[in-house]
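Reading through the structure tokens given below for one structure.
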Amino acid sequence: MTPSGLSSASSTSTSAPASALLPHSPLPLPRDFYDRDTLQVARDLLGCQLVRLHQGKLMIAQIVETEAYRGSEDSACHAHRRKTPRTEAMFGPPGHAYVYLVYGMHWLLNVVTQPEGNPCAVLIRAVEPVEGEDAMRALRNAKGRQLCNGPGKLTRALRVDKALYGHDMTRSEQLWITQAAAPAVIASGPRVGIDYAQPADRDAPWRLWHEGNPWVSRAR
DNA sequence: GTGAAGATCGCC
DNA sequence: GCGATCTTCACG
């Protein structure tokens with residue numbers, strides 16, 4: 001991993017973030033990692049690797065874009081109003097998958113955060129393929145389009161759907177996340193597709209992404 | 001039971 | 001810019 005041209009904005013020192021120097025851990029992030037402030041988890045998930053084991057094939061992709069959904073206080077969060085069958089997983093313990101269908105056709109993947117009973121989650125919005133790209137492509141359209149630069153696209157590429165609803169992502173089975181190098185520059189802005197939310201929530205900069213990474217979704 | 005809307009995407 | 005597509009939830 002080279003320092004590359006991205007001399008981080010601040011010129012205070014040449015030292016990289018500690019996390020960038022740590023060796024990649026193949027173990028799933030522990031529950032404690034998710035049992036924290038949702039925005040912090042959303043930030044720390046950038047650069048981590050999403051690992052998917054499906055039908056004997058291993059797929060690995062680096063998380064480059066996330067969004068924080070902050071429970072009952074957040075009018076953009078599905079759990080804002082009340083507990084329903086769909087949002088049940090968000091009310092459960094951290095580290096589990098909250099998967100749901102939007103627009104009748106796209107599965108979206110979230111990881112539950114904060115202590116049980118506080119219905120928060122981080123939406124994985126975009127990933128960069130690292131390994132198993134063949135398996136990711138198998139199902140896809142031709143045209144050489146990017147596979148994973150959007151929340152609905154990455155679930156299709158990684159074969160994530162209802163079957164993984166509530167899945168415990170702290171175990172190395174089917175779907176989990178491992179620590180890797182944090183991105184050099186993190187940018188933030190309003191979350192996408194939540195015009196229905198109240199202004200304060202709609203405008204909150206709770207969408208985070210790896211600045212400059214070509215796999216970040218194009219906001220609409 | 002019914003209807004309206006949706007944390008998106010790809011093509012027109 | 002628009003339609004696809006179907007589950008979920010509010011309402012009655």
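Protein chains get the first letters and strands the later ones, always in sequence-line order, with residue 1 at the start of each.
Within the 4.5 Å cutoff, the side chain of A:His80 has no heavy atoms near those of the A:Asp74 side chain.
Ring-base stacking between A:Tyr100 and B:dA7 is not satisfied when judged by a centre separation under 5.5 Å and a plane angle under 30°.
A:Arg191 comes within 4.0 angstrom of no nucleic acid atom, judged by non-hydrogen atoms across all strands. Counting any heavy atom pair closer than 4.0 Å across all strands shown, A:Leu123 reaches a base atom. Base contact: A:Ala76 has a heavy atom under 4.0 Å from a base atom.
A:Arg202 has no side-chain polar atom (N or O) that falls below the 4.0 Å cut-off from OP1 or OP2 of B:dA7. For B:dG10, one of the phosphate oxygens OP1 or OP2 lies less than 4.0 angstrom from a side-chain nitrogen or oxygen of A:Lys153. Regarding contacts with the backbone of B:dA7, a side-chain N or O of A:Tyr196 is found under 4.0 angstrom from either OP1 or OP2. Of the side-chain N and O atoms in A:Lys162, one or more sit less than 4.0 angstrom from OP1 or OP2 of C:dT8. For A:Arg82, no side-chain nitrogen or oxygen approaches OP1 or OP2 of C:dC9 to under 4.0 Å.
Of the candidates B:dT8, C:dA10, B:dG6, C:dA10 carries the atom nearest the A:Arg81 side chain, counting heavy atoms from C-beta on. The side chain of A:Pro85 approaches C:dC9 more closely than any other nucleotide in the set B:dA7, B:dG10, C:dC9. Taking the side chain of A:His106 as heavy atoms from C-beta on, and the options C:dA4, B:dT8, B:dG6, the nearest nucleotide is B:dT8. Of the candidates B:dA7, C:dT7, C:dT5, C:dT5 carries the atom nearest the A:Met105 side chain, counting heavy atoms from C-beta on. In the set C:dC9, B:dT8, C:dA4, the nucleotide with an atom closest to the side chain of A:Thr84 is C:dC9. In the set C:dA10, B:dA7, B:dC9, the nucleotide with an atom closest to the side chain of A:Pro151 is B:dC9.
Remark: C1' of B:dG10 and CD of A:Gln146 are 14 Å apart, rounded to the nearest angstrom. Taking atom NE2 on A:His78 and atom P on C:dA10, their separation rounds to 12 Å, with Å as the unit. Atom pair A:Trp107:CH2 and C:dT5:P shows a separation of 16 Å (rounding to whole Å applied). A straight line from NZ of A:Lys83 to P of C:dA10 spans 15 Å, rounded to a whole angstrom. Atoms CD (A:Glu88) and P (C:dT7) sit 19 Å apart, rounded to a whole Å. For the pair A:Leu108 CG and B:dC9 C1', the interatomic distance rounds to 11 Å; values are reported in whole Å. In this structure, A:Ile194 atom CD1 and B:dG6 atom P are separated by 12 Å, rounded to whole Å. One atom, CG of A:Asp195, and another, C1' of B:dG6, lie 11 Å apart when rounded to the nearest Å.
Residues A:Val216 and A:Trp206 do not share a hydrophobic cluster, clusters being chains of Ile/Leu/Val/Met/Phe/Trp/Tyr side chains in contact below 4.5 Å.
Under the 3.5 Å distance criterion, with hydrogens and angles disregarded, a donor-acceptor pair is assigned to the side chains of A:Asn213 and A:Glu128. Between A:Gln146 and A:Asn149, the side chains place a donor N or O and an acceptor N or O closer than 3.5 Å (distance only, hydrogens not considered).
Annotation: A:His78 is not in aromatic contact with A:Tyr69 [ring centroid separation under 6.0 Å not met].
Shown here for A:Leu164 and A:Arg159, the closest heavy-atom pair between the two residues is CD1-O, 4.3 Å.
The partner of C:dC9, taking Watson-Crick or G-U wobble pairs whose two distances both stay under 3.5 Å, is B:dG3.
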